[in-house]
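Here the structure is a predicted model, which means the values were calculated and not measured. Just so you know, these numbers use all the heavy atoms, side chains as well, and skip hydrogens, waters and symmetry mates. Throughout, a chain's letter reflects where its sequence line sits, starting with A, and its residues are numbered from 1.
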2 protein chains.
Amino acid sequence: MVASLDALEAARLVERLARLVRMRALKGGLNPAQWEALRYLARANRFSRTPAAIAEYLASTRGTVSRTLASLEEKGYVARRADSEDGRSVNLALTRKAMDALKRDPLLTLAEDLEAGARGRMGDMAAGLKGALKAAIARNGTRAFDACFSCRHFRKDAHAGAAMPHHCGLLDAPLSDSDSRAICVEQEPMRA
Amino acid sequence: MVASLDALEAARLVERLARLVRMRALKGGLNPAQWEALRYLARANRFSRTPAAIAEYLASTRGTVSRTLASLEEKGYVARRADSEDGRSVNLALTRKAMDALKRDPLLTLAEDLEAGARGRMGDMAAGLKGALKAAIARNGTRAFDACFSCRHFRKDAHAGAAMPHHCGLLDAPLSDSDSRAICVEQEPMRA
DNA sequence: TCAATATGATTTCGAGTAGCAATCATGGTC
DNA sequence: GACCATGATTGCTACTCGAAATCATATTGA
């Protein structure tokens with residue numbers, strides 16, 4: 001695969017836009033890694049809100065993430081709680097303060113800028129970027145962290161009518177509608 | 001301006017793709033800021049290869065950039081030379097080693113992934129991202145760092161036939177063809 | 001049963017980076 | 001020639017990262 005000039009230009013723009021967001025984000029007292037951890041936690045389902053999952057999502061290490069979380073906890077953005085079933089594991093939750101902060105996420109202004117720049121072709125653009133991520137993931141062999149409902153282990157309406165109507169065949173656990181829309185560390189795409 | 005769900009998704013993808021590049025880049029012994037400085041220098045014209053211009057391009061500070069450059073010089077990637085006309089100013093040049101490194105720039109793999117993801121709509125995608133950058137620049141009031149030939153001070157073929165056929169009306173200096181394609185710290189778009 | 005091992009998380013340590021403010025050097029102005 | 005502006009660097013402090021060591025809790029298997 002050889003990249004066109006347009007592709008190279010696009011790659012530079014992706015990098016530069018991301019840098020602008022990162023630099024802006026710093027002024028809020030949170031560093032880029034901290035912001036990304038908050039964003040991840042806001043989107044992850046209950047099986048995926050752990051330090052190890054964050055480390056994998058961020059392509060970082062557990063040690064680094066542990067410190068990031070310690071800092072976020074000290075500042076009042078996340079709560080850590082030992083898992084009731086596995087004493088080694090830690091469950092994370094966002095505080096009210098974190099939810100409020102996310103409403104002013106600098107990433108939202110990037111979204112607005114993209115909306116302005118795409119001029120009605122936002123759908124194509126999002127699809128293209130998504131395809132690029134897919135390619136990157138295939139290349140690196142990392143996890144996709146995609147939506148639960150798009151997973152090969154997802155059993156839609158396995159408990160039809162119940163409050164948690166769906167089911168995860170891998171974790172053998174019932175899933176609510178909102179669970180199914182969240183991203184999951186275990187997500188694997190459908191077989192081709 | 002309110003951002004659509006597609007726009008939000010796209011913003012997340014931009015951030016995540018950029019993070020993957022940054023993380024991959026670390027393994028080469030250069031940090032993200034150092035990579036971006038090299039990329040900038042490879043594209044900047046002779047008026048723009050200075051510490052101050054890099055600081056502005058990266059939305060960083062001169063102090064930080066000074067250290068970044070010291071590190072790059074120590075590792076043999078850039079050469080610093082005092083400007084012959086202004087003794088305060090420093091001119092930067094990439095070494096052979098830097099040119100070689102840029103041939104293996106992790107950003108190139110992002111370009112390939114984008115090419116794969118865009119499925120033939122790469123032109124639209126690059127245009128959309130460019131529009132987004134324009135919006136971000138307008139919002140922040142930062143410099144555009146766009147191509148010399150797209151500048152309001154550019155005088156095409158002011159010295160027709162000469163080795164440096166074009167001219168910059170702001171700096172009052174002749175420009176070669178390759179100068180005119182490079183990016184410039186002083187670039188200002190045409191008046192509307 | 002209980003050692004050996006695997007796993008999740010944290011801590012320690014060292015290298016490096018960031019921003020801010022102070023400083024140095026040079027250039028331009030009145 | 002005093003004064004201020006500008007480009008760059010440096011001292012300082014705080015913080016971040018990654019690698020490796022450590023701790024605690026499962027899990028496995030003899």
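Between A/D83 atom CG and C/dT10 atom P the separation is 13 Å, expressed in whole Å. Summarising the geometry, the separation between CD on A/E56 and P on D/dG18 is reported as 14 Å, rounded to the nearest angstrom. Remark: C1' of D/dC17 and CD of A/E36 are 15 Å apart, rounded to the nearest angstrom. Taking atom CD of B/E85 as the reference point, atom P of C/dG28 lies 10 Å away to the nearest angstrom. One atom, CZ of B/R24, and another, P of D/dG18, lie 16 Å apart when rounded to the nearest Å. For B/R81 and D/dT9, the CZ to P distance is 14 Å, given to the nearest whole Å. Spacing between atom CZ of A/R22 and atom C1' of C/dT17 amounts to 13 Å, rounded to whole angstrom units. The nearest whole Å value for the distance from the CG atom in B/L30 to the P atom in D/dC17 is 19 Å.
Of the two residues near DNA chain D, A/D86 and B/L26, the one whose nearest nucleotide lies more 5' is B/L26. A residue-by-residue look at A/V65 and B/Q34 shows that A/V65 has its nearest nucleotide of DNA chain C further toward the 5' end.
Side-chain proximity of B/R67 to D/dT10, C/dA9, D/dA8: nearest is D/dT10. The side chain of B/R88 has C/dG27 as its nearest neighbour among C/dG27, C/dT10, C/dG16. Closest to the B/T64 side chain, of the nucleotides D/dG11, D/dT16, C/dA18, is C/dA18. Among C/dA9, C/dC20, C/dC13, the nucleotide with an atom closest to any side-chain atom of A/A52 is C/dA9. Counting only heavy atoms from C-beta on, A/T68 has its side chain closest to D/dC17 among C/dA9, D/dC17, D/dA8. Checking D/dA8, D/dC17, D/dT9 against the side-chain heavy atoms of B/T50 singles out D/dA8 as nearest. Taking the side chain of A/R80 as heavy atoms from C-beta on, and the options D/dC12, C/dT11, C/dT10, the nearest nucleotide is C/dT10.
For CZ of A/R81, the number of neighbouring non-hydrogen atoms (other residues, nucleotides, ligands) closer than 6.0 Å is 12 at most. Remark: B/K75 NZ is packed, more than 12 non-hydrogen atoms of other residues, nucleotides or ligands lying under 6.0 Å away. Counted within 6.0 Å of CZ on A/R139, heavy atoms from surrounding residues, nucleotides or ligands total more than 12; the atom is thus considered enclosed.
At the heavy-atom level, A/S66 lies under 4.0 Å from base atoms of the strands shown. B/N31 comes within 4.0 angstrom of the backbone, heavy atoms only, and of no base. Residue A/G87 is classed as a sugar-phosphate contact, given heavy-atom separations below 4.0 Å to backbone atoms only. Residue A/A33 is in sugar-phosphate contact alone, with no base atom involved, counting any heavy-atom pair closer than 4.0 Å across all strands shown.
Put simply, the side chain of A/S89 and the base of C/dG8 share no donor and acceptor less than 3.5 Å apart. The base of D/dG18 does not come close enough to the side chain of A/R62 for any donor and acceptor atom to sit less than 3.5 Å apart.
Checking the phosphate oxygens (OP1, OP2) of C/dG19, a side-chain nitrogen or oxygen of B/S60 falls inside 4.0 Å.
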Taking it one step at a time, do B/R143 and B/E186 satisfy salt bridge (Lys or Arg N to Asp or Glu O under 4.0 Å)?
-> CA-CA 8 Å; B/R143 291 175 189 261; B/E186 302 287 0; 3.4 Å; yes
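Listed here is the closest heavy atom pair of B/Q187 and B/A144: OE1-CB, 3.7 Å.
By the 4.5 Å heavy-atom criterion applied to side chains, B/L102 and B/W35 are counted as neighbours.
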